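Only a predicted model underlies this, so the values are computations on that prediction, with no experimental measurement involved. The first residue of the sequence shown is numbered 1, and numbering continues consecutively from there.
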Amino acid sequence: MVGSLLLRGMLVGIVAGLLAFGFAKIYGEPQVDRAIAFEEQTAQAAGEAPEPELVSRPTQAGFGLLTGVLVYAASIGGLFSLVFAYTYGRISSLGPRATSAVLALAAFVSIVLVPDLKYPANPPSVGNPDTIGSRTVLFFIMLVISIAALTAAVGLSRRLWAQYGPWNATIIAGAAFIAVITVAMYVLPTINEVPEKFSADLLWRFRVASLGIHMVLWTTIGLVFGAIAERSFADQGSRSASSRPALR
C-alpha cells in the first residue's frame, strides 16, 4: 500500500508542478526579466563587461524552469505520500482528505512560510555573491528550526489532548510553536542586501510570486492527493469485502 501511495504522490506532485510552472511563467518570470534588466543597467553604468550567457534566457524561462519545477514537485509529492502513510490513522482520526489537507497546510507553513518570513526569496541582482554561502546556511537553520518546532508542537498537542481537550491542546501547542519561531527570528541575524535603487514594487511582486508558486504547489498536493488516497482506500475496502466468503 505504501508503494502505491508513493507512486500516486509523485504523480500528484507532477500535476502540482505543472500548475506551479504555469503560475511561475505568468507571474514570476516577468519579475525575473525586470530584475535582470536592472542588473544589466547597473553593470553598464559601472562600466562592467556583460557576463557570458551560458544558458539562453528563453531556455531558462522555459524548459529549464519546467524541468526544475517538475523534479522538485515530484520529489515533494513522494515525500508527502510517505509522511501521509505514516501519519494517517496514528496522529488523529481524520479521514484521508482532511489528513492530506492538514499535512499540506502544516508543510506549507513550516517549510515555506516561516523561513520565507525571515529570509524571503530575492530576484536576480539582489544579494552579495560573497555572502551566498552564509545566507544559505542561515536559511536552512531557520528551516530546520521551523520543522522541528512544528513536530514538537504536534507532539505537545497529543500529550495535552486528554487533559485539556482538542481545542485547548491545539491552541497551547500553536502558541508554543509561535513562541519558538519568534525567538528564532529574533536571534538569527537579519540580511538586507537590496540595492538602494532597486524597485520596491519589483521586489514585492517577485516575493509574492515566489510565495504563490509554493502555495499552488502545496494546495494542489493537499487536495488532489487526499481525493486519490480516499478513493484508493475505498477501493481497497471494497476488494477486501468482496473477497470474504459469504455466510450461509
Side-chain angles (χ1 to χ4, degrees), residues 1-24 28 64-121 136-158 173-174 177 180-181 184 209-236:
M1 186 62 184
V2 176
S4 176
L5 287 177
L6 176 61
L7 178 59
R8 285 172 168 82
M10 295 181 69
L11 292 176
V12 170
I14 292 175
V15 173
L18 290 172
L19 295 177
F21 168 76
F23 186 94
L65 176 63
L66 176 62
T67 302
V69 171
L70 289 183
V71 170
Y72 173 78
S75 302
I76 289 295
L79 291 174
F80 181 85
S81 67
L82 295 178
V83 175
F84 175 90
Y86 174 79
T87 304
Y88 181 64
R90 291 184 176 92
I91 303 300
S92 71
S93 58
L94 296 175
R97 285 178 182 263
T99 300
S100 180
V102 170
L103 281 178
L105 177 60
F108 174 77
V109 170
S110 61
I111 298 175
V112 179
L113 184 60
V114 169
D116 196 69
L117 289 175
K118 180 63 180 180
Y119 300 113
T136 302
V137 170
L138 288 173
F139 176 83
F140 276 103
I141 290 175
M142 188 69 240
L143 177 63
V144 170
I145 292 175
S146 178
I147 296 175
L150 182 64
T151 304
V154 172
L156 177 62
S157 176
R158 293 191 66 191
F177 172 76
V180 171
I181 295 303
S210 176
L211 197 61
I213 293 169
H214 289 283
M215 188 176 297
V216 170
L217 178 71
W218 284 107
T219 300
T220 304
I221 289 177
L223 297 181
V224 177
F225 182 83
I228 292 178
E230 184 179 62
R231 179 65 179 273
S232 177
F233 289 138
D235 292 343
Q236 185 183 34

Looking only at non-hydrogen atoms, find the nearest pair between Gly28 and Ala209 and report the distance.
CA-CB, 3.9 Å
Residues passing the side chain to side chain donor-acceptor pair (under 3.5 Å) test with Arg158, sequence neighbours excluded, are none
Any side-chain heavy-atom pair from Thr136 and Phe140 closer than 4.5 angstrom?
yes
Could you tell me the separation between the CG atom of Leu113 and the CE atom of Met215, rounded to the nearest 0.5 Å?
7.5 Å
In short, Ile213 meets Ala24 closest at the heavy-atom pair CD1-CB, 3.4 Å
Should the pair Arg90 and Tyr88 be classed as cation-pi, given the thresholds of under 6.0 Å to the six-membered ring centre and 45° from the axis?
no
Ignoring hydrogens and geometry, is there a side-chain-to-backbone donor-acceptor pair from Ser146 to Ile111 under 3.5 Å?
no
Let me confirm one number: the CZ-OG1 distance from Phe80 to Thr87, rounded to the nearest 0.5 Å.
8.5 Å
Quick one: does any side-chain atom of Ser110 pair with a main-chain N or O of Ile147 as donor and acceptor, under 3.5 Å?
no
Please report the interatomic distance NE2(His214) to OG1(Thr219), rounded to the nearest 0.5 Å.
12.5 Å
Restricting to non-hydrogen atoms, name the atom on Leu70 and the atom on Gly17 that form the minimum distance, rounded to 0.1 Å.
CD2-C, 3.9 Å
Spacing of CD1 belonging to Ile221 relative to CD1 belonging to Ile14, to within rounding of 0.5 Å
11.0 Å
Just to verify, which of Val114, Leu211, Leu217 counts as forming a side chain to side chain contact (heavy atoms under 4.5 Å, CB included) with Phe108?
Leu211
Any side-chain heavy-atom pair from Leu5 and Leu82 closer than 4.5 angstrom?
no
At their closest point, which heavy atom of Phe84 faces which heavy atom of Pro96, and how far apart are they?
CE1-O, 3.5 Å
Identify the heavy atoms of Ala73 and Gly13 that sit nearest to each other, and give their distance.
CB-O, 3.0 Å
Minimal non-hydrogen separation, Ala184 against Met142, with atom names:
CB-CE, 4.0 Å
List in chain and number order the residues that pass side-chain contact (heavy atoms from CB on, under 4.5 Å) with Leu105, two or more places apart in sequence or in another chain; answer none if no residue qualifies.
Val109
Output for pair (Phe23 CZ, Ser210 OG), nearest 0.5 Å, gives 9.5 Å
Which of Val12, Leu11, Leu223 passes side chain to side chain contact (heavy atoms under 4.5 Å, CB included) with Ile228? It is Val12
Do Val15 and Val224 touch side chain to side chain, with heavy atoms closer than 4.5 Å?
no
How long is the gap from CG on Leu6 to CE on Met10, to the nearest 0.5 Å?
6.0 Å
Phe177 and side chain to side chain contact (heavy atoms under 4.5 Å, CB included): which single residue from Leu156, Thr151, Val154, Leu150 fits?
Leu150
Are any side-chain N or O atoms of Ser75 and backbone N or O atoms of Val71, one a donor and one an acceptor, separated by less than 3.5 Å?
yes
